[in-house]
Amino acid sequence: MTIRFGLIGGGVMGEALLSRLLVHGIYQPSEVIVSEPLLARQGFLQQQYDVTVTADNSSVFALASEVVFLAVKPQVFSAMAQELAGILEAAYSPLVISILAGVSLNQLEGAFPQLPVIRAMPNTPATVGAGITAMCLGAYTNTKHQQIAQQIFSAVGEVVEVSETLMDAVTGLSGSGPAYVALMVEALADGGVAAGLPRGIANQLALQTVLGTARLLEESKIHPAELKDRVTSPGGTTIAGVAQLERAGFRSALIEAVRAAAQRSQELGK
Ligand SMILES: NC(=O)C1=CN([C@@H]2O[C@H](COP(=O)(O)OP(=O)(O)OC[C@H]3O[C@@H](n4cnc5c(N)ncnc54)[C@H](O)[C@@H]3O)[C@@H](O)[C@H]2O)C=CC1
Ligand SMILES: O=C(O)[C@@H]1CCC=N1
């Protein structure tokens, strides 16, 4: 069978995407090649997913006819692009999809001249099909390329299309956001333990509170402020907790976290 999908970088996000694409039958294992320098990862990916593995990025471009998906760290992008420069042949025409934080369409199109390129930012809930991906299209893409990317990212959750000027902000919010939420779950559980709960129960209560609140907001479509109002009884427990969060600068901390991450995304592209 011909190889249609090439993955460069078989780490956390590359594997998350790969596993869902295979589960959904969007690609068959025999249609996939993964390039990954770490021998241990190569062995794992080959065994776990039955895909072809290599340490040679250029062979991914040579073999993958439909998509080359970039999932290396932004810090290795320049070296990777240099290594591939001159090796890329005019005959190669896959759609290049990059999920590298900060790396712009301009940089990608410079590295892969004339190739259709899509810049995207998924997030780690993609691993369980509950991610959200924002994407923007490069100059050489057409409707077919857009549909391919839409299908790939739909396999791991929701997809939105944005202008490239918003990609750093997306990265600061939904790209990095799972870490903020994980911190919050951990801290809520710690609070429960501080208030006397056993650790296991505290973890369960914290996680389900976050999951349930997110689901309620999604299904009811009510504004988060309205939900907060519904929970806070006059002179009750919740307003005491909310007042403490405000004193500690909780909302401001989250706003500044998103801004700092967006700024870091901008720096990574320089
Ligand atoms: N982890 C996350 O939550 C998210 C990450 N991203 C982006 O995804 C990309 C990958 O991130 P992770 O999967 O977290 O990193 P990772 O470190 O888990 O994966 C990167 C993989 O690339 C391999 N690699 C290193 N140099 C290489 C080279 N020259 N050629 C081919 N492979 C090479 C590494 O061995 C590693 O397995 C980054 O650019 C990041 O900005 C995007 C959205 C969310
Ligand atoms: O921390 C990072 O740089 C990557 C991009 C978004 C999530 N993780």
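Read the numbers this way: they start at 1 and go in the same order the structure lists the ligands and their atoms.
- In the vicinity of Ala101, heavy-atom distances shorter than 4.0 Å reach the ligand 1 atoms 39 (O), 41 (O).
- Polar contact with ligand 1: absent for Leu100 (N/O pair, distance under 3.5 Å).
- Residue contacts with ligand 1, taken as heavy atom pairs separated by less than 4.0 Å, do not involve Met80 at all.
- Close contacts of ligand 1 with Gly10, meaning ligand atoms under 4.0 Å from a residue heavy atom, involve 37 (O).
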Check step by step if side-chain contact (heavy atoms from CB on, under 4.5 Å) holds for Met135 and Gln150. CA-CA 9 Å; Met135 65 178 193; Gln150 179 83 32; 3.9 Å; yes
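- For atom 18 (O) of ligand 1, the nearest non-hydrogen atom from the set Val12, Val170, Leu7 comes from Val12.
- The protein atom (non-hydrogen) at minimum distance from atom 25 (C) of ligand 1 is Pro37 CG, 3.9 Å.
- Shortest contact from atom 7 (C) of ligand 2 to any protein heavy atom: Gly175 O, 3.2 Å.
- Below 4.0 Å from some heavy atom of Pro74 lie the following atoms of ligand 1, by number and element: 38 (C), 39 (O), 41 (O).
- Relative ring orientation between Phe77 and Phe112 is described as perpendicular, the plane-to-plane angle rising above 60° on a 0-90° scale split at 30° and 60°.
- Atom 19 (O) of ligand 1 has Gly11 CA, 3.2 Å as its closest protein atom, hydrogens excluded (heavy atom only).
- Remark: distances from the non-hydrogen atoms of Met121 to ligand 1 include one below 4.0 Å.
- Distances below 4.0 Å separate heavy atoms of Ile99 from the following atoms of ligand 1: 6 (N), 7 (C), 8 (O), 41 (O), 42 (C).
- Each of Val51, Val68, Leu63 was scored for a side chain to side chain contact (heavy atoms under 4.5 Å, CB included) with Ile33, with one residue passing: Leu63.
- Neither the backbone nor the side chain of Thr171 has a heavy atom within less than 4.0 Å of ligand 1.
- Using a 4.0 Å cut-off between heavy atoms, Leu38 contacts ligand 1 through its side chain alone, with no backbone atom that close.
- For a threshold of 3.5 Å applied to N or O pairs, the pair formed by Val72 and ligand 1 contains at least one separation below that value.
- Ser19 places a side-chain N or O within 3.5 Å of a backbone atom of Glu15 that can act as its donor or acceptor partner.
- Of the listed residues (Gln42, Lys73, Gln75, Glu36), the one carrying the non-hydrogen atom nearest atom 34 (C) of ligand 1 is Glu36.
- Using modelled atom types, one finds a donor on one side chain and an acceptor on the other under 3.5 Å when comparing Glu161 with Gln146.
- Interatomic distance, OG1 of Thr238 versus CG of Leu245, reported as 10.5 Å (0.5 Å rounding).
- In terms of protein heavy-atom proximity, atom 5 (C) of ligand 2 is nearest to Ala101 CB, 3.8 Å.
- Between the side chains of Asn123 and Ser174, no donor-acceptor pair of N or O atoms lies under 3.5 Å.
- Taken to the nearest 0.5 Å, the OG atom of Ser220 stands 8.0 Å off from the CD atom of Glu226.
- With respect to atom 13 (O) of ligand 1, the closest heavy atom belonging to the protein is Met13 N, 2.8 Å.
- Looking from atom 22 (O) of ligand 1 to the surrounding protein, the closest heavy atom is Gly9 CA, 3.5 Å.
- Hydrophobic clustering keeps Ile8 apart from Val67 (ILVMFWY residues linked when any side-chain heavy atoms are closer than 4.5 Å, directly or through intermediates).
- Here atom 30 (N) of ligand 1 lies nearest to Asn57 when heavy atoms of Val34, Thr133, Asn57, Val103 are compared.
- Summary of contacts: the protein heavy atom closest to atom 3 (O) of ligand 1 is Thr124 CG2, 3.2 Å.
- Between the CD atom of Glu66 and the CD1 atom of Ile97 there is a distance of 9.0 Å, given to the nearest 0.5 Å.
- Ionic pairing of Arg259 and Glu256 is present here: one or more N-O contacts between side-chain nitrogen and carboxylate oxygen are shorter than 4.0 angstrom.
- A heavy-atom distance below 4.5 Å is not found between the side chains of Phe69 and Leu21.
- When only non-hydrogen protein atoms are considered, atom 1 (O) of ligand 2 lies nearest to Ser176 OG, 4.7 Å.
- Remark: among candidates Pro122, Ala120, Ala71, the nearest residue to atom 43 (C) of ligand 1 is Pro122, based on non-hydrogen atoms.
- Ligand 1 places these atoms under 4.0 Å from at least one heavy atom of Ile8: 31 (C).
- Ring orientation note: the planes of Phe44 and Tyr49 are nearly perpendicular, at an angle over 60° on the 30°/60° scale.
- Distance check, rounded to the nearest 0.5 Å: CG of Asp168 to CG of Leu173 gives 12.5 Å.
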